[in-house]
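Structure first, commentary second.
Counting from 1, the numbers follow the sequence of the chain as shown. Every heavy atom of this structure was used, including side-chain atoms; hydrogens, water molecules and symmetry mates were not.
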Amino acid sequence: MARPLIQLALDSLDFDQTLSLAEQTAPYIDIFEIGTPCIKHNGVELLKALRAKFPDKLILVDLKTMDAGEYEATPFYAAGADICTVLGVSGMATIAGVINAAKAHRAEAQIDLINVPDKLACAKAAAELGANIIGVHTGLDAQAAGQTPFEDLQAIASLGLKVRVSVAGGIKQSTVKQVVEAGADIIVVGAAIYGAASPAEAAKQIRDIADGKSTHQQMVINKIGSVLSATDQANAVRLTRILDKAKRIFLSGAGRSGLIAKFFAMRLMHSGYTVSVVGEIVTPSIKRGDLLIIISGSGETEQLIAFTKRAVELRADILLITTKASSTIGDMADDVFQIGVPEQYAKVQGMPMGTVFELSTLFFLESYISQLIHEKGIAEEEMRYRHANLE
C-alpha cells in the first residue's frame with residue numbers, strides 16, 4: 001500500500017492564523033485543505049496566498065459544491081487548487097461539471113459522501129464519471145451524535161474502485177492506525193492538530209503513526225516534547241532569580257513527584273545551593289527568607305497543602321511546579337510554574353497516572369540545570385567534588 005497522505009483541515013476564519021498554522025505544520029502535511037467556512041469567509045485570495053507560499057503542497061478547496069459544478073469550481077482550479085470537492089447528494093450532473101473543470105486544469109475532483117443515503121452506489125457512479133477521490137466524511141453534527149467514518153471507509157475501500165479514498169471525521173492520534181488499516185489513502189485531520197498546544201508536534205506524531213514509525217518510546221518522547229514546547233520558556237530565567245534570592249531551599253512532592261523533587265535537590269546541591277528535602281530526619285526548620293519548592297501536578301495533595309500552609313505562616317517563599325495555574329497550593333504560592341497546558345493531561349494511552357507531568361517536569365528541571373551550570377560557569381569537576389563520597 002502506498003504511503004497515506006495527511007490532509008490538514010484549515011478551518012479558522014482568520015486569514016493570517018490560517019497561514020501561520022500551515023507554516024507550523026508544513027513539514028508533516030501533504031494536503032492543505034481550505035475548509036468550507038474558511039473559503040467562504042476569505043475567498044480565492046487565501047487560496048492564492050497558500051499556493052504562493054507552498055508550491056510543493058497539494059491544496060484542496062472544500063467547496064462542497066451543490067449546484068452549477070463546473071461554473072463554481074473553475075475559478076478555484078484556475079487560481080491554483082489541486083482538488084475541489086463536490087457533494088455526492090448534488091447529483092451526477094453537478095458532479096460531472098466539477099470533474100470536467102478538474103480535467104480542464106489537470107487537477108482532481110473529490111466527491112464528498114456526507115449525508116449520501118447509498119454511499120456505495122454514489123461512489124461507483126462518481127468513479128465511472130472520472131472522479132479522482134471519494135471522500136468518506138462524518139460531519140461535525142454526526143460526530144456529536146457518536147457516529148464515526150470507519151464502517152463506511154471499509155465498505156468503500158472494499159469496492160476496489162480506481163480512485164483514492166479520503167476519510168474525515170474526528171480522526172486523532174489514537175485512531176490514525178485504524179484508519180490506515182481500513183484502507184484510507186488520504187487521512188483528514190482537523191482539531192487533533194489545530195487544537196493542540198503544539199500543532200507541529202501533533203502533526204509530526206500523526207505523520208509518524210501513519211507511516212508506521214511510531215513506537216511507545218517515540219510516543220513518550222513526542223508527548224514530553226509537546227508539553228515542554230507549551231511551557232513558558234521564561235520560567236528558566238525566573239527560576240534562577242528565585243533560587244538566588246533564597247537563603248536556603250526546601251523541596252517536597254508526593255509519590256513519584258517526590259522522587260523528581262529529590263532528583264532536582266541533588267543537582268541543586270551539586271550546583272552549590274543549600275538544599276534540603278522535606279521529611280528527611282536531618283532537614284532543618286524552614287524560616288523567613290527560605291524557599292519551599294512543591295512539585296504537585298494537582299496542587300491539591302493534602303500533606304503538601306499542610307506543608308505549604310506552615311511555610312506561609314513562617315513567611316517562607318513558595319514555588320509550585322504543577323499542571324494548572326490555580327489550585328489550593330497555587331493560590332498560596334508566591335510563584336507558580338505551569339508545565340504545559342491542562343488539556344495536554346487528558347488520558348494518554350500507555351502513559352498512566354501522572355506520567356506525563358512527572359516526566360515532563362523531570363526533563364524541564366534537568367534541562368534547567370544544564371542551562372544553570374552553563375550560565376554560571378560551574379564545571380563538572382566542581383559538581384563532582386560536592387557529590388556524596390560515602391557510598
Side-chain angles (χ1 to χ4, degrees), residues 2 4-11 29-40 44 46-47 50-51 54 57-116 118-140 142 149 152-153 155-157 159-171 179 182-190:
L5 302 181
I6 304 299
Q7 178 174 313
L8 173 59
L10 301 169
D11 290 332
I29 300 301
D30 303 292
I31 305 173
F32 284 128
E33 170 197 330
I34 307 176
T36 310
C38 186
I39 196 65
K40 284 183 177 181
V44 76
L46 177 59
L47 167 59
L50 283 169
R51 180 78 287 157
F54 304 102
K57 300 294 181 183
L58 295 174
I59 299 179
L60 178 147
V61 181
D62 193 17
L63 295 175
K64 289 191 176 71
T65 294
M66 186 65 184
D67 191 24
E70 186 168 3
Y71 182 72
E72 182 168 290
T74 292
F76 292 93
Y77 284 123
D82 298 289
I83 308 164
C84 288
T85 66
V86 54
L87 292 173
V89 294
S90 68
M92 288 302 126
T94 303
I95 291 172
V98 176
I99 292 172
N100 289 339
K103 289 179 178 178
H105 291 84
R106 297 183 180 179
E108 296 184 296
Q110 175 172 315
I111 316 309
D112 189 333
L113 297 182
I114 189 170
N115 295 331
V116 172
D118 190 340
K119 293 178 172 57
L120 299 186
C122 181
K124 290 177 183 177
E128 289 175 2
L129 284 175
N132 309 98
I133 304 168
I134 300 297
V136 178
H137 184 182
T138 301
L140 293 175
D152 290 335
L153 168 61
I156 297 297
L159 293 175
L161 302 174
K162 293 181 179 180
V163 296
R164 287 185 291 176
V165 180
S166 169
V167 61
I171 296 169
V179 169
D185 302 292
I186 300 170
I187 302 168
V188 184
V189 186

How many angstroms lie between atom [atom1] of [X] and atom [atom2] of [Y], to the nearest 0.5 angstrom?
X    : Y    : atom1 : atom2 : value
E108 : T85  : CD    : OG1   : 13.0 Å
T74  : N100 : OG1   : CG    : 9.0 Å
R51  : I59  : CZ    : CD1   : 4.0 Å
D62  : T36  : CG    : OG1   : 3.5 Å
D112 : L63  : CG    : CG    : 11.0 Å
L5   : L60  : CG    : CG    : 11.5 Å

As a test of understanding, state which of V44, L50, D11 forms a side chain to side chain contact (heavy atoms under 4.5 Å, CB included) with I34.
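Only one option passes, and that is L50.
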Any non-hydrogen side-chain atom of [X] less than 4.5 Å from a side-chain atom of [Y]?
X    : Y    : answer
V167 : I186 : no
P4   : I187 : yes
K64  : H137 : yes
C122 : M92  : yes
C38  : L46  : yes
K57  : D82  : no
I83  : I133 : yes
L58  : F32  : no

For residues [X] and [Y], report the shortest heavy-atom separation together with the two atoms involved.
X    : Y    : value
C84  : F76  : SG-CB, 4.0 Å
V136 : V165 : CG2-CG1, 4.1 Å
A127 : L161 : CB-CD1, 4.2 Å
I156 : A123 : CD1-CB, 3.9 Å
V188 : A9   : CG1-CB, 4.5 Å
L153 : V179 : CD2-O, 3.7 Å

Using atom types as modelled and distance alone, determine if a side-chain donor or acceptor of [X] lies under 3.5 Å from a backbone N or O of [Y].
X    : Y    : result
S90  : L87  : yes
N132 : A109 : yes
K40  : P37  : no

Which is it for T94 and E70 under the side chain to side chain contact (heavy atoms under 4.5 Å, CB included) test, yes or no, and what are the steps along the way?
CA-CA 7 Å; T94 303; E70 186 168 3; over 6 Å; no
Walk me through it: do Y77 and L47 pass the test side chain to side chain contact (heavy atoms under 4.5 Å, CB included)?
CA-CA 10 Å; Y77 284 123; L47 167 59; over 6 Å; no
May I have the step-by-step check of side chain to side chain contact (heavy atoms under 4.5 Å, CB included) for I6 and L8, ending in yes or no?
CA-CA 7 Å; I6 304 299; L8 173 59; 5.9 Å; no
